[in-house]
Amino acid sequence: MSNIDLGQIRDERSCDVIVVGGGPAGMCAAIAAAREGVRVLLVEESNACGGMATRGLVGPFMTCYDRSAKVMIIRGLFEEIVDRMVDRGYAIHPSQVHAGTCFTSWIVLGHEHVTPFEPEGLKLVVDEMLAEAGVRVLYHTSFVRPLLEGSSIAGILVSSKRGLEIIRGSVVVDCTGDGDVAQRCGAAYEMGNEKLRQIQPATMFFHISDVDGEPLEADVQAHLHTFYRKDGVNYRSLHWHVAEARANGDWNLERVSIGIFRMPKPDEWCVNTSRIMNVDSTDNESLTRAEIEGRRQADEILRFLRKYVPGCQNARLKATASYVGIRESRHIVGDYWLTGEDLIAGRVPEDSILLAANSVDVHGRFGPVSNEYVAINGEYYGIPYRSLLPQGVEQLLVAGRCVSADSTAAGAIRVMPPCMGMGQAAGVAAALSVQRGQTVRSLDPQVLRARLRERGVYLGDEDDSFSAKIWNAPNMA
């Protein structure tokens, strides 16, 4: 790649802020930056935004409330996107969704106020919001390498049907999930949990329709008293049928329960059960293996549901994800290394750009069938601006699951609402940097925090009045 003659490559595009990756973090970064009045270009390799929420069919959005489930603390663009989907029937507002129900696969801990949503509706809503904000969007465009001037990034090289192109910009926001831009700039990183030599397993999500929810729910309700946890393994939804199927030779997966979540339409359900170990999402051979194995597992799970689970006899496969669900890969080393201890202790750094209360959820920590799930001690924790700043690289921000955090902390903030909040903060920071003629590293975090508050982001007790509208909303019948 170093032999490419940049002088022979099309060099026609420039902007103030380049966002690489249109997943939950990237779409919010682009909208947020453009709303500040700067020129923004979003590069996304697929045909739509949403990333894991759309291509990956991951759902629902995990909780956006504090630990006591009384205050909605992830707000801003996340809330606006949810509200728009709710208005059009594409989502159920989290204030109306409770733990221990079909919308949470009957899980209680850490699952109060999740958000069921329809991926196709999310695509449409985000496209509209990007257009309204004036974001220039390039779908079907892949990041190739950064353009560096010393230690500062000055643009990117991309590949598309047009061939190779140069895009120049003052600030780049890496929302690739894997930290591809930061890594190719030479930033240091950890891959998964290097101490334990583990990477969280991947999952092939799939959606089914034509499910009769009443007998399914009745079956689970009758067995709620049998839910238990042993040796790091959760025996929850439908574990009794899994045990029967295994005894009959109809189940070979290293799973003991079924994660099945009702979607906005009563007959449509999201299945989060398959488990593919040792997937390196930065390696195309590993991803290929994961996609093939994921579809095979999805087929086995669907056949099990049809044969053993009440209400699923006529279940129809609506779709398997077009991209396997990735929980973990690179953790870029930034100016602050967020730890699991920080989250569990409820620490809120002075430069926090987001508050969240999502529990630490590390799949496969004790073996293929296990997970580690730890709720925080405080009401919430803060994600500092410094965790968005890769060490050794100027004019680059990272947002989403690749931010500067250890594997344990990432097990909490990798879920979509925090990623969307980090994206919004990165977008606003990039815009303020351009407008003020400052580097992103020299930007005063308090100036950023003040602007985020103006944009509806919740950053502490002084904003508690924001929650009144949501908390007083009527619950679902």
Can you say whether the rings of [X] and [Y] are parallel (under 30°), tilted (30 to 60°) or perpendicular (over 60°)?
X: Tyr380; Y: Tyr458; answer: perpendicular
X: Phe61; Y: Phe78; answer: perpendicular
X: Trp269; Y: Trp106; answer: parallel

Would you name the heavy atoms of [X] and [Y] that are closest together and state the gap between them?
X: Cys175; Y: Ala29; value: SG-CB, 4.3 Å
X: His239; Y: Ser257; value: CB-OG, 3.8 Å
X: Val309; Y: His241; value: CG2-CD2, 4.4 Å
X: Gly382; Y: Ser352; value: CA-OG, 3.4 Å
X: Pro384; Y: Leu338; value: CD-CD1, 3.9 Å
X: Leu77; Y: Cys28; value: CD1-O, 3.4 Å

**Request:** Kindly say whether the aromatic ring centers of His113 and Tyr65 come within a distance under 6.0 Å.
**Result:**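 Yes: the rings meet the under 6.0 Å criterion.
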
**Message:** In this structure, is the centre-to-centre distance between the rings of Phe227 and Tyr235 below 6.0 Å?
**Reply:**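 They do not qualify: ring centres at least 6.0 Å apart.
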
**Asked** Only one of Asp180, Asp178, Asp283 clears side-chain hydrogen bond (donor to acceptor under 3.5 Å, both in side chains) with Ser329; which?
**Response**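 With Ser329 as partner, Asp180, Asp178, Asp283 yield a single side-chain hydrogen bond (donor to acceptor under 3.5 Å, both in side chains), made by Asp178.
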
Under 3.5 Å, is there a donor-acceptor pair linking the side chains of [X] and [Y]?
X: Gln297; Y: Glu293; value: yes
X: Ser407; Y: Glu328; value: yes
X: His98; Y: Glu112; value: yes
X: His93; Y: Thr115; value: no
X: Ser237; Y: Ser105; value: yes
X: Arg289; Y: Asn284; value: no
X: Thr176; Y: Asp174; value: yes
X: Asn234; Y: Tyr373; value: no
X: Arg55; Y: Ser322; value: no
X: Thr203; Y: Arg327; value: yes

Got a second to check how far [X]'s [atom1] is from [Y]'s [atom2], nearest 0.5 Å?
X: Ile74; Y: Thr63; atom1: CD1; atom2: OG1; answer: 7.5 Å
X: Leu216; Y: Asp212; atom1: CG; atom2: CG; answer: 8.5 Å
X: Ser46; Y: Lys123; atom1: OG; atom2: NZ; answer: 8.0 Å
X: Ile107; Y: Arg236; atom1: CD1; atom2: CZ; answer: 4.0 Å
X: Leu238; Y: Glu244; atom1: CG; atom2: CD; answer: 11.5 Å
X: Ile258; Y: Asn272; atom1: CD1; atom2: CG; answer: 10.0 Å

**Request:** Decide yes or no on side chain to side chain contact (heavy atoms under 4.5 Å, CB included) for Phe103 and His111, but give the supporting numbers first.
**Result:** CA-CA 9 Å; Phe103 294 108; His111 283 66; over 6 Å; no

Between [Y] and [X], does any NZ, NE, NH1 or NH2 come within less than 4.0 Å of an OD or OE carboxylate oxygen?
X: Glu165; Y: Arg162; value: yes
X: Arg303; Y: Glu300; value: no
X: Glu254; Y: Arg275; value: no
X: Glu128; Y: Arg88; value: yes

**Request:** Give the C-alpha distance, both sets of side-chain angles, the deciding distance and a yes or no for side chain to side chain contact (heavy atoms under 4.5 Å, CB included) between Leu164 and Leu157.
**Result:** CA-CA 7 Å; Leu164 294 176; Leu157 180 68; 4.2 Å; yes

**Request:** Give the C-alpha distance, both sets of side-chain angles, the deciding distance and a yes or no for side chain to side chain contact (heavy atoms under 4.5 Å, CB included) between Leu317 and Phe206.
**Result:** CA-CA 8 Å; Leu317 179 64; Phe206 65 97; 3.7 Å; yes

**Request:** Determine, step by step, whether Glu268 and Lys318 satisfy the salt bridge (charged side-chain N to carboxylate O under 4.0 Å, His left out) criterion, reporting the C-alpha distance in whole Å, the side-chain angles of both residues, the deciding distance to 0.1 Å, and the verdict.
**Result:** CA-CA 8 Å; Glu268 295 184 354; Lys318 185 180 178 185; 3.0 Å; yes

Does any N or O in the side chain of [X] come within less than 3.5 Å of the main-chain N or O of [Y], such that one atom is a donor and the other an acceptor?
X: Ser286; Y: Asp280; answer: yes
X: Arg136; Y: Cys15; answer: no
X: Thr141; Y: Tyr139; answer: yes
X: Glu379; Y: Ser68; answer: yes
X: Asp66; Y: Val71; answer: yes
X: Ser404; Y: Val333; answer: no
X: Glu118; Y: Tyr90; answer: no
X: Gln313; Y: Gly311; answer: yes
X: Ser274; Y: Ala298; answer: no
X: Asp406; Y: Ala410; answer: no

**Request:** Identify which one of Glu79, Glu80, Glu36 satisfies the salt bridge (Lys or Arg N to Asp or Glu O under 4.0 Å) criterion when paired with Arg455.
**Result:**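 It is Glu36; the other options fail the test.
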
**Prompt:** So with a 6.0 Å cut-off around CD of Glu214, is the heavy-atom count from everything else above 12?
**Reply:**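 Not buried by this count: 12 neighbours or fewer within 6.0 Å.
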
Using side-chain heavy atoms (C-beta onward) and a distance below 4.5 Å, is [X] in contact with [Y]?
X: Ser387; Y: Met422; result: no
X: Leu343; Y: Thr339; result: no
X: Val158; Y: Leu138; result: no
X: Leu41; Y: Val135; result: no
X: Leu397; Y: Leu389; result: yes
X: Leu287; Y: Val324; result: yes

**Request:** Might you work through the salt bridge (charged side-chain N to carboxylate O under 4.0 Å, His left out) test for Arg84 and Glu132, ending with a clear yes or no?
**Result:** CA-CA 14 Å; Arg84 289 196 184 204; Glu132 291 168 7; 2.9 Å; yes

**Prompt:** Asn358 and side-chain contact (heavy atoms from CB on, under 4.5 Å): which partner among Ile413, Ile376, Val415?
**Reply:**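 Among the candidates, only Val415 passes.
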
